[in-house]
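Structure first, then comments.
As the structure is a computational prediction, the values presented were derived from the model and not from experiment. Computed over heavy atoms, backbone and side chain alike; hydrogens, waters and symmetry mates excluded. Both counts, for ligands and for their atoms, begin at 1 and track the order of listing.
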Amino acid sequence: MDIPYRAFDTKEETYAYLLTQARAVLAETDETVSALANLSSALYLLLPRLNWAGFYLMKDGALILGPFQGKPAVSRIALGSGVCGTAAQLGEAQVVQDVHACPNHIACDLASRSEIVLPIRRGDGLFGVLDIDSPEKGRFDEKDLAGLSDVVRTLEMWLGDAR
Ligand code: SME
């Protein structure tokens, strides 16, 4: 499926477009791995200045690496460990402006300077997290949090449709 790359002037426009593409990607499959793979591709393609975008999924009480775009990454993260494990344990999104100043950060790609992680819920439990890294310090703000929360909510609704 072809997702045309578009550059926008504002984050609001970027996320509005990303949301339409995320919905299209999800509508096209019933397979979770395929959906997450295509979503990570859409995120990486449409959001500027990223070096990693993807998913960690809950399995046996820990996070395991799921579909992503970027360099190979750590394949298992314990709850409470790193930015992803913190988001999963607290059930709260984490925005890290400078990973070098975050002692809990797990460095997968040394180019990463800032990071945003959002929990993804399914039913009463945690399905996993969306993790996005940037080589730019302070890349993510409340507009990114709002836009990515919309994408995660859309994914949560898709996951809730008897998957
Ligand atoms: N930085 C993450 C680990 C995953 S890599 O960024 C892809 C963390 O501290 O949780």
Side-chain angles (χ1 to χ4, degrees), residues 3 5 11 14-15 18-19 21-22 25-26 29 31-156 158-159:
I3 294 182
Y5 174 75
K11 288 188 176 183
T14 303
Y15 281 109
L18 173 62
L19 195 57
Q21 299 306 312
V25 155
L26 292 172
T29 184
E31 296 294 334
T32 301
V33 169
S34 309
L36 298 180
N38 272 337
L39 267 187
S40 64
S41 170
L43 288 158
Y44 198 71
L45 181 70
L46 297 178
L47 297 178
R49 310 187 311 283
L50 305 185
N51 63 319
W52 205 91
F55 297 91
Y56 279 90
L57 310 178
M58 281 301 296
K59 186 178 180 188
D60 300 333
L63 291 167
I64 57 151
L65 182 61
F68 71 94
Q69 301 275 307
K71 286 189 177 175
V74 62
S75 57
R76 187 179 186 280
I77 298 176
L79 283 195
S81 177
V83 183
C84 291
T86 302
Q89 188 173 56
L90 300 178
E92 290 169 10
Q94 306 289 308
V95 182
V96 178
Q97 303 296 346
D98 182 0
V99 298
H100 293 180
C102 177
N104 199 21
H105 172 252
I106 301 167
C108 292
D109 180 346
L110 291 179
S112 292
R113 284 308 301 274
S114 59
E115 174 166 15
I116 186 166
V117 181
L118 293 93
I120 304 164
R121 296 174 184 84
R122 178 162 58 179
D124 293 334
L126 186 75
F127 171 77
V129 300
L130 169 62
D131 179 15
I132 301 183
D133 295 354
S134 170
E136 183 180 301
K137 197 172 157 184
R139 160 70 179 81
F140 305 105
D141 60 18
E142 69 287 345
K143 290 178 182 173
D144 297 286
L145 183 58
L148 291 171
S149 296
D150 287 343
V151 173
V152 165
R153 257 194 304 276
T154 302
L155 173 60
E156 288 172 341
W158 184 89
L159 289 167

Under the ring pair (Phe, Tyr, Trp, His ring centres under 6.0 Å) test, residues paired with Phe68 that sit two or more places apart
Trp52
Check residues 72-86 and write down every donor-acceptor pair under 3.5 Å in which the side-chain atom is one partner and the other belongs to a residue at least two apart or another chain.
unit_1: Thr86; atom_1: OG1; unit_2: Gly82; atom_2: O; d: 2.6
unit_1: Thr86; atom_1: OG1; unit_2: Asn104; atom_2: ND2; d: 3.0

Using the side chain to side chain contact (heavy atoms under 4.5 Å, CB included) rule, take Leu43 and Leu130 through it: C-alpha gap first, then chi angles, then the decisive distance, then the call.
CA-CA 10 Å; Leu43 288 158; Leu130 169 62; 3.6 Å; yes
Under a 3.5 Å threshold, I'd like every N/O contact between ligand 1 and protein atoms, with atom names and distance.
unit_1: ligand 1; atom_1: 1 (N); unit_2: His105; atom_2: NE2; d: 3.2
unit_1: ligand 1; atom_1: 1 (N); unit_2: Ile106; atom_2: O; d: 2.8
unit_1: ligand 1; atom_1: 1 (N); unit_2: Glu115; atom_2: OE1; d: 3.2
unit_1: ligand 1; atom_1: 1 (N); unit_2: Glu115; atom_2: OE2; d: 3.3
unit_1: ligand 1; atom_1: 6 (O); unit_2: Asp133; atom_2: OD2; d: 2.7
unit_1: ligand 1; atom_1: 9 (O); unit_2: Val83; atom_2: N; d: 3.0
unit_1: ligand 1; atom_1: 9 (O); unit_2: Ile106; atom_2: N; d: 2.8
unit_1: ligand 1; atom_1: 10 (O); unit_2: Val83; atom_2: N; d: 3.0
unit_1: ligand 1; atom_1: 10 (O); unit_2: Cys84; atom_2: N; d: 2.8

Between Glu92 (side chain only) and Leu118 (backbone N and O only), is there a donor and an acceptor less than 3.5 Å apart?
no
Do the non-hydrogen side-chain atoms of Tyr56 and Leu65 ever get within less than 4.5 Å of each other?
yes
Could you note down all residue pairs passing salt bridge (charged side-chain N to carboxylate O under 4.0 Å, His left out) where residues 41-56 supplies at least one of them, sequence neighbours left out?
Arg49-Glu136
